[in-house]
Every structure is written in C-alpha cells, then in structure tokens.
2 protein chains.
Amino acid sequence: MAAKRVTIHDIAKKLNTTASTVSRALNNHPKISDEMIAGVRKTAREMGYKPNILASNLRNGKTKTIGLIVPRINRYFIADVIAGIESITFPLGYNLIICQSDESLLKEKENIKTLINNRVEGILISLSIETTTPFHLQNIVEEGIPLVQFDRTIAEIPSGLALNDNFGAARQAVHHLAAQGYTKIAHFAGNLNQEIYRSRLAGYQKALDDLGLNRNASWVFYNTILYEPGVEAAHQICAMNDRPDAVFSAGDLSAMGAHATFRENGLNIPRDIGLCGFANEPFTQFVSPGITSINQFGSLLGKAAAEVLFEIIASGSPKITPMPRRIITPELIVRQSTTK
Amino acid sequence: MAAKRVTIHDIAKKLNTTASTVSRALNNHPKISDEMIAGVRKTAREMGYKPNILASNLRNGKTKTIGLIVPRINRYFIADVIAGIESITFPLGYNLIICQSDESLLKEKENIKTLINNRVEGILISLSIETTTPFHLQNIVEEGIPLVQFDRTIAEIPSGLALNDNFGAARQAVHHLAAQGYTKIAHFAGNLNQEIYRSRLAGYQKALDDLGLNRNASWVFYNTILYEPGVEAAHQICAMNDRPDAVFSAGDLSAMGAHATFRENGLNIPRDIGLCGFANEPFTQFVSPGITSINQFGSLLGKAAAEVLFEIIASGSPKITPMPRRIITPELIVRQSTTK
DNA sequence: AAAGCCTGAACAACCGATTGCATATAATTT
DNA sequence: AAATTATATGCAATCGGTTGTTCAGGCTTT
C-alpha cells in the first residue's frame, strides 16, 4: 500500500531514458516525439505515477496556495463567503489555507506570520474586531504578497478590496422605511471601530438628511448588533416619551432581540413600529412577522474577493495603481416587519 | 520589497559558514555551539529570514497538509465543524485544503484526486448525497493516506469515524415527546441512502417500540428535510382522519415548514400538535413557539474528527485495528413546541 | 559527397532545507 | 608528548521535478 511513491526517475529507468525527458513528455514539451510522449504517458499510468506538487512548486518558486484569514468560520455569512472563494480558487488549482483570528489581533498577527512562512501567493483577510491599525498588514505588503481585504477592512493600507455597499444599502433601507410612512427612525449601530458599521451609520444619517427627517441622537444605539443588546435597546425605546416608530439595525441578531421585546411589550410590528435588520440571516424569514433585511450575497462577495486577488497576482506586482476593488450591491428584502 | 527571499545559504555566506550549520543552528541541534546559535539567530532575524516550508517538506517527505471534503461549506452546521477542525490542525502547524463536492459524486472523486496529488497527510470527509458506494474512497486507503469520515459516512470502508449518536438522539427525542403526552408520533425522514437519516429513523422506530406506541407506516415521510417538503407533509397530516399529534423531524428546515403550515391551518403548537426538529439551527430559538431541536455540537464533532485523524497519523499506519472512532452525544434542547 | 541544419534526447545544475559522514581543532587522558 | 576522545563544523548527497545547454544521428542542401 503506497509503499513508495513512483517518481519520474522510476519511469525513466523503466523506459531507459532520463527524468528530464519524462518530465517534458508529461508536460507536452514540443521537442519530444509523439511516440515518446505516448510511451511515457502509458507507463506513468501503469505505474500509478502521481506528480509531487511540492517538488514542482519548489523548483518553480510557486506554492499555488492562497491564505484566508477570517474572524470566525461559524457564521452563516462568512461560510457563504468561503464557499464563494473556494469556487474560484479550486478550479485554478490553488489551495486555500484557512485561519481563524477568533476576533483577536494577536491571533491575526500569528496567522499572518504563518501564511507568510507558508509562502502563500496571496492573502484574503476580513479583519478581527480588535484590529484598528494596519501595521501588521504592512508586513504582508512588504513581503510582496498580494493582499485583498473583504467585508471588514481598514483604509490606510494599499490592498485590493471587495466590499458590500454598506452605505448605499443602509440608505436604501431607511428610504424604504420612510416610504412606508415611518418618520421617527432609530438605528442600532455596531462597533464604530469598524468601517462597515461606520458606513451603515453614515448611510442612515444621509438618508435622514435626504428626507428631511429628524436626527435624534438618543435614537442611535451603539454596539448593538447582538441579541441581548437588541433586547436592551428595545426596552429603552419602549420607555421613551417620544418613541421612534421604526428601527433600522446594523445586524439581524439585535433586530431579532428587538422583535421579541417589542412583541412582549404589546407593540405590533409593523403597525406600531417598523423593523429592518441587516444580513438576511435565515431566521429573518421564518419569524412572524418576517423581518425585512439586507441580503449581502456572501458567496458573490467571496468570488469578487478571489477575483480581485487573482487580478493582482496576474499583474505580476503586488502594487498596482489604482488597486482593484469590487463593490457588491446588497439587496433589500422586504418582509412584513416594515409593510404596514 | 521581497526582491529576493533570504535562504540559509545567504545567512551562511554572511557568517562565513555553511548552510548545514545554519540549518542545525536554527533547529537547536545539540552539537552546535551556543555562540554560533546566537549568531545565526541574530543575523537570520536581521536579514528577515523566513524558512521555506516547501523545501523542508520536500526533504522530509511531509506536507503538513490535511484535506477536507464537505458537501458544501455554506451550512451553519458544516461551518461550525470546519471551525472545530481548524482549531486542532492550525496549532499543530497543519494546513487545511478545503474542497466542496457540491453534493456531486463526480466532484467528490475529483476532489479526492486533487488531494492525493497534493500529498495530503490525511483526509477528512463528509460524503455527498450521491455517494452510495465506497470505491473511490478505496483509492485513498490504497495510497496509504489516513482517512476519517465524519457526519455523513459509509460503512464498507476501513476509516476513522467521528459521528453524532443520531440513533440515540432520535430515540431520546421521541421519548421526550411521549413523556409530554404525545402518543401518535410522525417522522420526517431524510434520504435513506444516508446512514445518518437511517439512524434517525431507526432511533424513532426503536423508541416507539420501547414505549409500545403504534408504528403507523403512513406517518413516516421520506426525503423530507427541506422547507417545502415539510410544508407538503404538514398539509398531508392536516388532512388525515387519524392525525398524528406530534412530529419528529430529521431536519430543522422541514420542521420549520411544518411549523408555519400547522399554524396557518389553525393548529396550536404544542397543544394540538408537538414538533421537534434536528440540528438546532439558530432560527429554532427565534420563532414562536420555539422549536424543540437537537444540538449537534458541530465544533466538537470537527475537533473529534481531527483528533481521530491525528491518532491514525501518529500510529504510523493508515490501518489500525480497530479503527478509532468518536461518538458525540447530541443534546436535546427543549422549547415550547413540545411542552404542553 | 562534404558541410550545415534539425530533431529529439541526454547531461547537469538548480530550487532550499536536511542529515549521515568526514574532519579539523581543542580538550583530555596516560 | 603522544594518543585518544570530544566538539563543532564542513562536505556532499538527497528530496522530485524543471530547464538551459550540449550532443548524437539523420536529413537537407548545393
């Protein structure tokens, strides 16, 4: 059983030729006779030859490997993104090394070191929540490794980008709420260290301005994307004198927390209060009333990120001007929670 | 700018020594003087030396790479499993090559070929839905590559295993339903080509027998794990004269379809009909009433699978008797849908 | 028929790290 | 002081492909 791997030298010996000829024959080199090619092919098959990709890569200075760093794999959205990335890299013969930063800057740095040591030909990264400076990313660029940030990104570094149009999507969501007759719109924001949540907040604010609606500072709740903070914020809203009549949340989980809390407090969704989430998690369609949300097309985002990376790789230099970027337009999925 | 990678030869030249000494120094070989070690370390750092893992692996005949084949990455459960696997492999310095079979036997075969060509040191696989014969897996074993199946498995092949106790969990769920006073229990089964769904069905049947309850053949619905089939089956149930008073589904999505359909038809859950799913998808806790389900501990399963693989690898032979296996005990999460 | 050209294959170096064996120098023993 | 042993390093082969250069033999050209 696999006692010993067959090499091109073994094939060469059997055919009384040399390894170089076998190598060229297997690669359809033009200067090898057709009979030789056929013969090598045949015995290679008979002997169960499998090329050693390591040796080939060592010689060629390639690794055919892409590194991927994500905060955590077990989120629906991220899993979808990974699926999209894989669908691009695998057919091209590239391997994917997947690392989790566990939302820790320290682990993210370690991951980067590992990937550099593994001589990956490119790195795809969605930043940890603790990442607010780009210094460790600088290492990647200095090593000459093509870099693409996706979803959670930071600006002060030259890299490819694959992003959702968070600003536009947020703006669209608020416009939708207004079109449904809601005028006092609150926002559950995320951690403003992160670009994506700043963009969603900005989109929300821009829409209010567009519409001439009131920007009430006490209607914006920060760090409110998980379930419990959503419950908490909803309680506060219920207790307000001048209560908002709609919530646009930067995350579905907090929207879900609010959903449950509003109903417990006897508020009817969508009549008394409208509710819109972000991410289109599967549960948004199953609860009753269904929660309007924003589909991020994770798989598309993953594909876009991988494509941008291969663009950079193909260019031969890790630094092109301008660095390529791809913006995915999310889709507003309207459900009962916002349709009066 | 990474113009050129620093090698041990470069370090050797700078120190007027040889590559072998540098190599030994970096590996703390006992016969190298402390000053030499310190000196090499220092200049290595100064020159920005990064070991070329490819060359090292080629020389050692190792690849430090594990292959993973899953039907599809974008399911919550699978993502969780991958996270678990990664948490074991990464700290050990192993890379993961992740492949998706897209539920296709053909792609699964291709994936296996790719992984063998990549000289992975082990393969973790959860089978595609089309896979009913083990012939292609046989190739892996013949190549001497340690193999572990997890979640979706097939019996007729010697391999490590990491499984949920589907039989026991199903049985427990039905016992729970009976304890709540339900006596006419239906089952939504999956595709019986797959061991996991056969086990769940068997656990269901065993529980009925344990309890002396009626095994009514028309109360078992096959290929009913997705949403739409769940809706369909629920309609059929509503139309029955002798209607079941509870459903144990082998999947959460079909349970969700039934949940919606029963309510549309004016049935009260849990009073008129009990409902239990399988997988503990996030939405089961958010809908109202919450759906009792079975938590599969994907992350634990992934860790178990990886650990079993490393056991086999450590044994030095891909075939040990008996092949190691690990059974994860899922947990019944009781919610309102089954508590009268 | 001699010179030149083509074609196809062999030779050998190389990618970068590892390691068994040989060896020079220093340290120890008698 | 000569012989033995230790210690630290150098040498060279190796892992398995790849590729620039060389070379042998047959074919064409004039």
Side-chain angles (χ1 to χ4, degrees), chain A residues 2-41 43-44 47-65 93 116-121 143-144, chain B residues 2-41 43-44 47-65 93 116-121 143-144:
Chain A
K4 198 124 186 319
R5 244 80 194 231
V6 181
T7 74
I8 53 173
H9 296 94
D10 302 326
I11 300 178
K13 204 173 298 166
K14 179 160 258 174
L15 292 175
N16 279 319
T17 178
T18 61
S20 43
T21 302
V22 173
S23 170
R24 285 193 246 257
L26 291 172
N27 290 303
N28 283 318
H29 188 102
K31 290 209 168 176
I32 300 292
S33 66
D34 293 350
E35 315 115 70
M36 182 58 98
I37 292 187
V40 168
R41 278 266 148 74
T43 42
M47 298 177 73
Y49 170 72
K50 305 267 162 45
N52 185 324
I53 297 184
L54 245 66
S56 167
N57 287 344
L58 173 60
R59 175 61 220 243
N60 297 327
K62 300 269 166 200
T63 56
K64 287 287 217 167
T65 299
I116 292 177
N117 280 349
N118 272 278
R119 300 284 199 278
V120 294
E121 291 179 35
E143 287 288 335
Chain B
K4 201 133 183 311
R5 243 81 194 230
V6 180
T7 73
I8 53 173
H9 296 92
D10 301 326
I11 300 177
K13 203 174 298 167
K14 179 159 257 171
L15 292 176
N16 279 320
T17 176
T18 61
S20 41
T21 302
V22 173
S23 170
R24 285 190 253 256
L26 291 172
N27 290 303
N28 282 320
H29 188 101
K31 290 207 169 177
I32 300 292
S33 67
D34 292 349
E35 314 114 70
M36 182 59 101
I37 291 187
V40 168
R41 279 264 147 73
T43 43
M47 299 178 73
Y49 170 73
K50 304 268 160 47
N52 185 324
I53 296 184
L54 246 66
S56 166
N57 287 345
L58 173 61
R59 174 63 219 246
N60 297 326
K62 301 271 168 201
T63 57
K64 287 287 216 165
T65 299
I116 291 176
N117 280 350
N118 273 279
R119 300 284 199 277
V120 294
E121 291 180 37
E143 287 288 335

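Residue numbering restarts at 1 for every chain, and letters A, B, ... go by the order of the sequence lines. Note that the coordinates shown come from a computational prediction; the quantities given were computed from them, not determined experimentally.
The separation between Lys31(B) atom NZ and dT23(C) atom P is 15 Å, rounded to whole Å. Regarding Ile11(B), its CD1 atom lies at a distance of 15 Å from the P atom of dT9(D), rounded to whole Å. Put simply, CG on Asn57(A) is 15 Å from P on dG16(D), counting in whole angstrom units. Remark: P of dA8(D) and CD1 of Ile37(B) are 9 Å apart, rounded to the nearest angstrom. Residue Asn52(A) contributes atom CG, which lies 17 Å from atom P of dT14(D) at whole-angstrom precision. For His9(A) and dA13(D), the NE2 to P distance is 15 Å, given to the nearest whole Å. Atom CG of Asn117(A) and atom P of dG16(C) are 15 Å apart (whole Å). Between the C1' atom of dA8(D) and the CG atom of Asp34(B) lies a distance of 11 Å, rounded to the nearest Å.
Annotation: of the two residues near DNA chain D, Pro51(A) and Arg24(B), the 5′-most nearest-nucleotide partner is Arg24(B).
Among the protein residues, Thr7(B) comes within range of the sugar-phosphate backbone only, with heavy atoms under 4.0 Å from sugar or phosphate atoms but none that close to a base. Using a 4.0 Å heavy-atom criterion, one finds that Ser20(B) contacts the bases of the nucleic acid, with or without backbone contacts as well. Here Lys50(A) lies in heavy-atom contact (under 4.0 Å) with sugar-phosphate atoms only. Using a 4.0 Å heavy-atom cutoff across all strands shown, Ile32(A) reaches sugar-phosphate atoms only and no base atom.
The nearest pair of heavy atoms linking Leu26(A) to Arg41(A) is O-NH2, 3.0 Å. For the pair Thr63(B) and Arg119(B), the tightest heavy-atom approach, listed with the atom from each and the gap, is OG1-O, 2.6 Å. The two residues Ala19(B) and Ala12(B) make their nearest non-hydrogen contact at N-CB, 3.6 Å. Closest approach of Ser23(B) to Ile8(B), counting heavy atoms only: CB-CD1, 4.2 Å. Shown here for Asn57(A) and Lys64(A), the closest heavy-atom pair between the two residues is OD1-CG, 4.2 Å.
For the pairing with Thr43(B), the side-chain contact (heavy atoms from CB on, under 4.5 Å) check across Ile11(B), Val22(B), Val6(B), Asp10(B) returns one residue only, Ile11(B).
Of the candidates dT18(C), dG17(D), dT19(D), dT18(C) carries the atom nearest the Asn60(B) side chain, counting heavy atoms from C-beta on. Of the listed nucleotides (dT19(D), dC11(D), dA17(C)), dT19(D) has the atom at the smallest distance from the side chain of Arg59(A). Candidate nucleotides dG16(C), dA10(C), dG17(D) were compared by shortest atom distance to the side chain of Thr18(A), and dA10(C) ranks first. Of all nucleotides listed (dG16(C), dT18(C), dT18(D)), dT18(D) comes nearest to the side chain of Ile8(A).
For Thr17(A), a side-chain nitrogen or oxygen approaches OP1 or OP2 of dA10(C) to under 4.0 Å. Phosphate proximity of dA10(C) to Thr21(A): present, with a side-chain N or O under 4.0 Å from OP1 or OP2. Residue Ser33(B) places at least one side-chain N or O under 4.0 Å from the OP1 or OP2 atom of dT9(D). Put simply, Asn16(B) has no side-chain N or O that comes within less than 4.0 Å of OP1 or OP2 on dT9(D). Within the 4.0 Å cut-off from OP1 or OP2 of dT18(D), at least one side-chain nitrogen or oxygen of Asn27(A) is found. Between Ser56(A) and dT18(D) there is a side-chain N or O to OP1 or OP2 distance below 4.0 Å.
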